[in-house]
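Comments concern the structure below.
When a residue number appears, it is its place in the shown sequence, counting from 1.
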Amino acid sequence: MFLSVFDIFKIGIGPSSSHTMGPMTAAERFLDSLRTGLREPGAGEVAKVTCTLHGSLAFTGKGHATDRAVVLGLLGFRPDSVDPDKAEAAETALSSSHKLTPEGLPDLAFDPENDVIFDYGPQLPGHANGMVLRGFDAAGNLFMEEVYYSIGGGFVVTAAELEGQDQGGAEALHAEKEAHGYPYPFGSAEEMLQMGRIAGKSIAEMKWANEATHGDGRAKVQARLDGVWKAMDDCIDRGLRLDGVLPGGLKVKRRAKAIHEQLKRESGTNLAQPHVVNDWLSVYAMAVNEENAAGGKVVTSPTNGAAGVVPAVLRYYRDHCVGATEEGRRTFLMTAAAIGGLIKNNASISGAEVGCQGEVGSAAAMAAAGLCAALGGTNEQIENAAEIALEHHLGMTCDPVAGLVQVPCIERNGLGAIKAVSAASLALRGDGQHFMPLDNCIEAMRQTGMDMNDNYKETSRGGLAVNLPEC
């Protein structure tokens, strides 16, 4: 599957790409399936819908607002365009009517309190983030059933689609890319470096060529890419401007605003320690993840839980690095997306599947590669930067307290950003030659995730999630 830069960087809402954006998308897709089903000869009727959440979607669904996401999807809202005021009004109306009125379908009975079911039994076979949507006729007979998996980063597949991906393998993926005419169909870091050497192009240049292949010229791609950065930058600014307590019951206070104000007061004085740049990186990342935890507008980078790392390092590049340019910013994002695509296709970016190494670890690898590229690194140095950053997140668990993307997730993004900058800097000090190839590191991450106990994969049944202070 060819992954566009806009597949990796998707504008949506918090608090989770796999637990909020994915289920919302799945529910909205199910309405389309119902419409198609009703057009078939002798289809019968549909009068009611339900949704059952399995695996990680059940265990941490309340904390991630998964039930609300399903409701919004069935109300016809999409993560990239949801209007908060309209959504709230529609939810209020549904809570009293218990009736959906989707366009192109008959009125559907649906009670948000009873028809979104949390199943805490064994997870579905395809993925830890599974959900089953069902439609019934007026007599209670099953009209349609569809299994969806939210596989990380807002990506959603049906059970049939997932099975098709599993059977395809790397060779089929490469053949599909070539068949669709992408000029640089690299499916691994080794292929990426080889194609770059043969063509004499940077990773970002190859990514630009792929993006512009099917009718989207550079100008159109650039406009969309600039829109992605604006959404990231706006998210940082909102997070630096707002304070208060985050929702969810843990009473976690927003800290980014206060830290930012301290940093501004110290700027230009002799009060700041040399390592203050780490505080700037952390505060940018924390601002994003506090916004995400509050259900605000964020960009998957590659997920919501890791949404702060790439924007923080990119803001650091723009505001703190010598010689930063707009073209460097675009090179950063294109390069980061290329690395994110490799990790997504060859391992996972889902915390429920491989732990936080697949979220913050992947984000750090993407940010390290992007910064290295923006600062003039060679393809080999970029690949090295990504490997360094990912390697030192291997084994990181996903253990959100109370199923909320707050503790340890907010600070973890700050540390991921710091690691990303360190990795880029180390790579730029070398010649690109290094011991462990990025492909091997990605495979090690996949294997580590498969071996990891499920208690540490976004179920909130282990780790920090069950080691809470006594109050």
Side-chain angles (χ1 to χ4, degrees), residues 1-11 153 155 168 170-232 299-302 310 313-314 317 324-346 349 362 365-387 424 427 432 437-439 442:
M1 177 173 62
F2 170 71
L3 289 180
S4 166
V5 62
F6 307 111
D7 292 325
I8 296 295
F9 298 123
K10 294 190 287 290
I11 299 173
F155 291 91
E171 292 182 2
L173 173 66
H174 193 286
E176 180 203 4
K177 288 180 176 180
E178 289 188 316
H180 284 77
Y182 296 108
Y184 303 102
F186 50 82
S188 68
E190 182 180 4
E191 288 182 346
M192 179 180 72
L193 293 176
Q194 184 179 15
M195 289 181 186
R197 284 191 290 267
I198 293 172
K201 291 185 179 295
S202 69
I203 295 168
E205 288 170 337
M206 291 189 289
K207 189 67 176 168
W208 274 110
N210 285 341
E211 292 291 337
T213 294
H214 295 291
D216 287 343
R218 184 181 175 103
K220 185 175 180 179
V221 173
Q222 180 174 303
R224 291 186 66 190
L225 193 67
D226 290 348
V228 165
W229 164 239
K230 185 177 187 306
M232 290 179 172
V299 180
T300 61
S301 311
V310 168
V313 177
L314 192 44
Y317 166 73
T325 64
E326 289 296 290
E327 193 56 36
R329 171 178 57 74
R330 297 179 185 117
T331 294
F332 182 118
L333 286 173
M334 281 294 185
T335 306
I339 299 301
L342 292 178
I343 298 172
K344 170 76 172 63
N345 279 329
N346 296 309
I349 57 171
S362 297
M366 292 164 59
L371 180 61
C372 186
L375 294 177
T378 65
N379 288 353
E380 287 73 20
Q381 288 172 321
I382 293 165
E383 185 260 1
N384 187 16
E387 188 278 328
L438 175 59
D439 288 329
I442 292 172

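- Side chain of Asn384 to backbone of Gly432: no donor-acceptor contact under 3.5 angstrom is found.
- Side-chain atoms of Leu193 and Arg197, non-hydrogen and from C-beta on, do get closer than 4.5 Å to each other.
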Could you go through the side chain to side chain contact (heavy atoms under 4.5 Å, CB included) check for Asp226 and Arg329 one step at a time? CA-CA 9 Å; Asp226 290 348; Arg329 171 178 57 74; 3.3 Å; yes

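- Checked by atom type and distance alone, the side chain of Glu205 never pairs as donor or acceptor with a backbone atom of Lys201 at under 3.5 Å.
- Distance alone, capped at 3.5 Å, places no donor-acceptor pair between the Asn210 side chain and the Tyr182 backbone.
- The shortest side-chain heavy-atom distance between Val221 and Phe6 falls under the 4.5 Å cut-off.
- Side-chain N or O atoms of Thr335 include none that pairs as donor or acceptor with a backbone N or O of Ala369 at under 3.5 Å.
- Judged purely by atom type and a 3.5 angstrom limit, Tyr317 uses its side chain to pair as donor or acceptor with the backbone of Thr325.
- With hydrogens and angles disregarded, a donor-acceptor distance shorter than 3.5 Å links the side chain of Glu383 to the backbone of Leu438.
- Although no hydrogens or angles enter the test, the distance criterion places a donor-acceptor pair under 3.5 Å between the side chain of Asp439 and the main chain of Ala189.
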Evaluate Trp229 against Val310 for side chain to side chain contact (heavy atoms under 4.5 Å, CB included), listing each step before the verdict. CA-CA 10 Å; Trp229 164 239; Val310 168; over 6 Å; no

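- A heavy-atom distance below 4.5 Å is found between the side chains of Ile8 and Met366.
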Could you go through Thr300 and Phe155, starting from their C-alpha distance and side-chain angles, then the distance that decides it, and tell me whether this counts as side chain to side chain contact (heavy atoms under 4.5 Å, CB included)? CA-CA 10 Å; Thr300 61; Phe155 291 91; over 6 Å; no

Going through the distances and angles, do Glu326 and Gln222 end up as a side chain to side chain contact (heavy atoms under 4.5 Å, CB included)? CA-CA 11 Å; Glu326 289 296 290; Gln222 180 174 303; over 6 Å; no

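- Annotation for Glu190: atom CD does not count as buried by contact number, only 12 or fewer foreign heavy atoms lying within 6.0 Å.
- Checked by atom type and distance alone, the side chain of Lys344 never pairs as donor or acceptor with a backbone atom of Ile349 at under 3.5 Å.
- Within the 4.5 Å cutoff, no side-chain heavy atoms of Tyr184 are placed close to those of Ile198.
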